Every structure is written in C-alpha cells, then in structure tokens.
Amino acid sequence: MKKQKSNMLRGMMIGAGFVAVAAFLFTGCPSQQGMLDTRDAAEKVYVAPGEHDEYYAFLSGGYSGQLSVWGLPSSRFLKVIPVFSQDPETGYGYSEETKPLFQTSYGFIPWDDSHHPHISQTDGDADGRWIFINANNTPRIARIDLDTFETKEIIEVPNTGGNHASSFVTSNSEYVIGATRFSIPYEKDLDVPIDSYADNFNGALSFLSIDQETGRMNLDFQIIVPPYNYDLGRAGKGISSDWVFFTTYNTELAHTLLEVNASQNDKDFVAAVNWRKAAEFVAEGHGRTMDAEYYHNYYEGNQGFAVSHVKNEVTVLYPEDVEEFMYFLPTPKSPHGVDIDPTGEYIVAGGKLATVIPVHSFSRMLEAIENRDFEGDSNGIPIINYEATIAGEVEDPGLGPLHTEFDGDGYAYTSVYISSEIVKWSLDTFEVVDRIDSYYSIGHLMITGGDTKNPDKRYLVGLTKTAKDRYLPTGPKQNHPAQLYDISGDRMQLLYDFPTIGEPHYAQAIAANKITERVKQIYEMEENDHPHAVRRVGDARVERDGDVVRVYMASIRSHFRPDNIEGIRVGDTVYFHLTNLEQEWDVVHGIGIKGANNAEILVAPGQTKTLKWEPTRTGIYPFYCTAFCSALHQEMQGYVRVSAADSDVELVWRTGN
Amino acid sequence: MRITTIIVAILSLFLFISCGNDNESQQNRSQGETQNGLTEFELEHGIGPVTERVELGVIDPEKVDKGRSIYEMKCEACHNMEGRMVGPALGDVMERRSAEFVMNFILNPSGMTREHPVGKELLREYMTPMPFQNVTEPEARAIVEFLRDHSNN
Ligand SMILES: [Cu+2]
C-alpha cells in the first residue's frame, strides 16, 4: 500500500517535471514569455485566463429548445439560456413564476425545437437589447433580455405549422417575422381530409411588432398566401429595409412524400413582401378579423410572475384585398436559405437541389415591378420573370448550397451541405474564390456581426450536423460540432473545432462591449415587485389558507428564514416563496426538498422564486440550499414536519431558537 | 527509471532557479501589505468611499425611518441588535465604532475584511464574509442614523 503510494507520487512528479521542462523548452520562463511567434491557430483562439473574449456568440439549441452562449474566439462555453424547454438545473419551467411562459393553446408544452436566434437591431446594426428565437414545432417566438440573459416573453403564432422562417427582425426592430413551413387549413381547428390540401390549406406570413421600450411583441397581422412551404426568411437592409423575403418550396402542393413530390418543379419562389406597405394597409383597416386562439406570456413587472393572456383574434391581410405589396421571384430549386447582403441589394437563395447559387438584384426587382415584367401570378400575387431579377448565378458552388453570410468586404460565404464545405465567392464577379472543408455536413454558418449592415470580417462559425471521429467518441449519438474559421485574410483558415449543445441551427455573434455595458449584476431588492417577496426580514412567515400553505422564506449566507416549519399536513399544497436577500453579484441560493416531485429552484440575488410541493407522506423532510454559496453552505438547511391529514399540530415556524 | 527521475528533477530544478529572480520583488510587496500601510484615518474610520469625517448633528427622524427600512430589508437577516447571529450585534456598534467606520464597513465590506486589521479580526471570528448589499452612501448614512437612534434609546 505504502509502496504503491510512493510509486504513484514519483510518477506524478516525473510527469509534472516533464510538463514543466517541456513548457520551458518551448516557451521560456513563465514570466518572460510573450506570445508565440508562430501565427498559428492556437495563438489566434487563445484568450488568457481572466481575459475576456471579443464576441458573444449565441447558438440556437435546436432540439434542446434552448439558446447557448459562447465566447469567441476562444470558443469558451458561457451559459445555456433556457427558453422553450424546462430546465431542472435552474428550475425554469418548474417554478410557479416561469410555468406561465410554457402555456399555449394546446396547454403546457415542456419542449420545443429552437432554430434562429436574431439580435434586435437599430439602423441595421445589432444593438444588444434583446435576442429573439423561434420555436419550430408548436409555433412560438421568445424574447430574451440581454441585460439578464433570461427569457422574458413567449408568444404563440397561430395559423402556423412549423414556425421555421423566424425570428428575424427588421432593421429597426419594427417587426419580428414568422411563417408557416407546413401549410395548414387557415381556420381554427378545421377538420378536413388531408388530400383536400389544394382547396383547404393556406400559408401565413406573420408580422409581430416590437414595443421599443419594453421589447414586448404583438401579433400585428398575418398575410394569407398560397399553401406552399415557407422555409426561411430575412429582412432587407439599407435600400431594401422596407422589405422581407421568404423562400418557398413545395410549390407543387404535395402533402405526402414531399421528398419526391415537392422536388418536381425546376423553380420555386422567393417571396418578396413590402412589409411597410402591408402594415399601412392593415393600419388603414384593410385587414380582416379572424378567430384564432393563441397565448401571449410575459413578465408584467420587474421580477415577479410571468402571466399568460389568451388572444382570440388575429388581423389577416389577403393580398387580393389591397393593392400590390408582394411578389414571387422564381428561384431554383427548393431553395432553403434566403440571405440579404449588407447593402441590401443582393438576395441570395440557397437552392438545396440547384446546381448554382442564384443571386437576385433588389434594384432590378423594383425595375421589373415598374415595367410589369411578370410571367403570371399565383393567387393574384405577381410572379416576376426570372431573367428580370437575376443578377448572377454562382457556378460550381458544391452540392446542396444552403445558407449565405457576408463579410462586408465584397464576399459571400455559402454553406454547402452535401459536399460538406464552405465556399467563398465574390459579390462582384459571382465567382468562387476559396473553399474549405467542414466537419461534417454543414447546415448554417454565421459571421461575427453578421446579418447586419456592418459585419466584422473576423470569424466565421460553421454549424455542422455530425461529429463522427472529430472528438473522443461518446456513443452512437454525439453532440453536434461547430468550427471556427479565421476569415480576416484572403483565404479561410480553420482555427478550432468544438462540440456544442443540442443541435445549433442558426447563430449570431455580436461585439461583446455592446452587451457587457448593459449586463445586470443583481436584481435590486427595492425593485422586487413579486407579490410573495420577503422584503423585510421580519416578514418571513408561514400562512395557511385552507389546504394551501404559503412559506414566505428568505435566504442569505448561510441560512433560510424560517428553517423549522411544523403543522404541514398530508394533502396540503405548499408554496415555498423563496427570496434571495443577497445583493452581491453571482451569489445564488437554491432549494431542494426531499421527495418533492419537482426540480430544485435557483434564485438570483434579489429575486423571488416559488417551489410548489404536495407532500404525500408524513414525516420529517429536510431541505437545503442547492448552490454552494458560502463556507457554511453545508449548514444551510432546514426541516419541515408533515403530519397526518387530520392532525392538529399547530402551524409554527422558527429560525435560530 | 531512477535515472529518469534524477534527470527530470535536475532539469526542473534548473528551471526554477533560472526563473526565480522576480520572486524577490513579490515578497517585498506582500511584506508592505502586512505592515498594513493604512493611514491614521483609515485605521480609525475604515477603508472605503468615506474618507472624511461625517457631520452628525442632532438625530434626524426621517433618516432614522429610512435607515430602519433598509436595515430590515438588507441587514437584519444577519445581525441582531443584541447577541451574536451571523454577524456581530449592532445595538451598541455606534459606541464601539465611528460613523465613518460603520459606513465604510457597509459600503466596502470585502475591502474592510481583507485589508483592515479590525475587519480581518472580525472575519476570523465570524467566518462568513459580510456581503455588500447594494447600499448607496446616503443610504449607509441613514443606517448610521438608525443605529445612533437605537443606541440613544
Ligand atoms: Cu445557499
């Protein structure tokens, strides 16, 4: 035993010695070493301990339903912001305060599939106030405040199946958009044969206005469109900032085996919508009112409960009711992404099945409209001649181009799924100038500061679909990777490769200082407007009202108040309203109760959160602080005594005596 | 095996020796700190944003009320007026300490417990660092008024 130990010790010393020697040989004395001379990839992603990254990157969680936050270029993981899925780690979706965020017209939904985060904009630039993200499955849009990195609002989007072309904002965050990927009957709960698709089904494009003070969304109107699949969207920029664009596929109107049946036409459409005109028509009363049922959930005050409001009507605009405000641009073939360059002139479509990348010109589109250069119409919506709007076709883009971002320096970068690569091409010549592999099968890509008027030609992140052999193997199902590329030079250079959380679809990165300026360190106790907060320590108490018991509890390093409670009975519903009285950054307390069919609840400094508990057995129930908050954290505990349903044990509570 | 150990040990030693020269300056610095380098004012009235004597005057009942409500929200969880709790009893603190000392303790508790001899001693005794409770200077002044009032009664 002893021998073994000393062997191990010696082994460790040799190991440590080797590391020290190796480090010394390569780098010199720790105090004298500068940065490595070689301009290699490691140096470019190295951010020293304690130093901060230059960019925040927000990666959608895909089927995790969440949004993860990373630092670039180090690719350090910073946090997961829970959005559409319950998160037992923080109690999000388990606490009484956050449960209302999950309400929909289909009831409480614990999960969704989140795809496209988009940061609010001012004058075409990301401003770091809010970030929006869509739920694809049960169509919703969420707003996350970037001063707290918490989800503050979720609104359901009615008359929509698969809210995929979402949640992109216009240049001054006037609107955040949504659309139906799966067309459905546009009448609430309409029960019709599926093969009556062509007659009964409709598409809908959604426009949610944003209150500039609070960020709160409001479903201003929907546009009724032919029953295609509306796949992705983007708002215009600069000269095209009054417009939004959506890709469509399935102009064949298939409702089964779309893989084959929706791949028949050589061209589908990009839909160009003048949202400003549409909004004016609606404001002038040209919309119709329709029955709908959808939930709007948000925090009313500062920190208290989220509330749910049910809405029963939506304003819809039929293109045939008003003058022209939208057009179809024929586009090869089953296009996926539609991306607008920083000047707003080029509309780039990623034709999944196309052999070229078609690039439409916005100004030529306006001319064609002026000249009535149409080849027909669909449901009264003019179809513009392909030749009239097309500015160029990028040849040899690889197999399966999907999404494009821009560097603001005249180049576009398109992700290509089947041939698993990124191609860089010139917006001047429409020629491919560089290409680089992705590992493996890239979906979206993003550029720092991207999808704005002023992208930063610094880094590109490729979000790929399979890891295969890239990291230590972790079983048949592995996490999805991302690759960081340096795009500051003429050629793309792979810097780093890291596994992510969930399945990132789109992502956005913003200069860190646009957010660090506004990040809060605490919730101020003075502003705690929660109806069950303990605002004075002396208010900590327990109250019974019939079978409902409310524990008004406070926590501070390192105790709960009260921490001994008796007089609870089997059959009671007990609410622990826990206020964290700390006012220091990052000092979090939590609570977990033995046997509670619930998650723990974590409470940020100055916040109040509620854990609901329905004890089913008599006995003594310990509870404790789940966050390591202080040296005496292990002492931060308490007991609840639960007596029989018919017992007459008096309701009492104590701390410290 | 043994030879490798020796070689590695020698090489590591070389490394430590050759890089050892700036240890000295570090030692000097930390020695300066332990001699606490505090000014007369700081020793008596604490380290923090309050660097001048505060005019006290007659007790202002409005300030007392304001101080009480802040105290009940942000301090009472850890302090009793009489008897030790998480922190020391505060009923007689105005007799033990100056107003400036109390204000600096409220406004800069981590500085006080790390750099001031009295604060260091208190932390050793209570073993929980007093947190900054997001209190402004005028609010700390109001708390002082509340504590003064308490001592008077
Ligand atoms: Cu704790």
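Here the structure is a predicted model, which means the values were calculated and not measured. Just so it is clear: chains get the letters A, B, ... in the order the sequence lines come, proteins before strands, and each one is counted from 1.
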So how far is it from Glu526(A) CD to Asn134(B) CG, rounded to the nearest 0.5 Å?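 The distance works out to 6.5 Å.
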
Approximate separation, where rounding is to 0.5 Å, of Leu632(A) CG and Tyr126(B) OH: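 If we round to the nearest 0.5 Å, Leu632(A):CG and Tyr126(B):OH are 13.5 Å apart.
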
Flag yes if more than 12 heavy atoms outside [X] fall under 6.0 Å of its [atom1] atom; otherwise flag no.
X	atom1	answer
Glu95(B)	CD	yes
Glu635(A)	CD	yes
Arg544(A)	CZ	yes
Glu40(B)	CD	no
Phe41(B)	CZ	yes
Glu527(A)	CD	yes
Tyr624(A)	OH	no

ring-ring contact (aromatic ring centres under 6.0 Å, His included) partners for His633(A), two or more places apart: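 His633(A): ring-ring contact (aromatic ring centres under 6.0 Å, His included) contacts with Phe628(A).
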
Under 4.5 Å from any heavy atom of chain B - which part of Leu581(A):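 The answer is both parts of Leu581(A).
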
Go through the atoms of Glu582(A) and report whether side chain, backbone, both or neither lie under 4.5 Å from a heavy atom of chain B.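 Both backbone and side chain.
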
Chain B neighbours within residues 550-563 of chain A, where any heavy atom lies under 4.5 Å away: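 Residues in range: Ile556(A), Arg557(A), His559(A), Arg561(A).
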
Could you name the residues of residues 529-537 of chain A that have a heavy atom within less than 4.5 Å of a heavy atom in chain B?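 When heavy atoms of chain B are the reference, residues 529-537 of chain A contributes Arg535(A), Arg536(A), Val537(A) within the under-4.5 Å range.
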
Interface residues of residues 60-77 of chain B facing chain A - non-hydrogen atoms under 4.5 Å apart: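 Glu72(B), Met73(B), Lys74(B), Glu76(B), Ala77(B) fall under the 4.5 Å cut-off.
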
Using only atom types and a distance under 3.5 Å, with no angle test, would you say the side chain of Gln583(A) pairs donor to acceptor with the backbone of Pro131(B)?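 No, because the side chain of Gln583(A) does not come within donor-acceptor range (under 3.5 Å) of the backbone of Pro131(B).
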
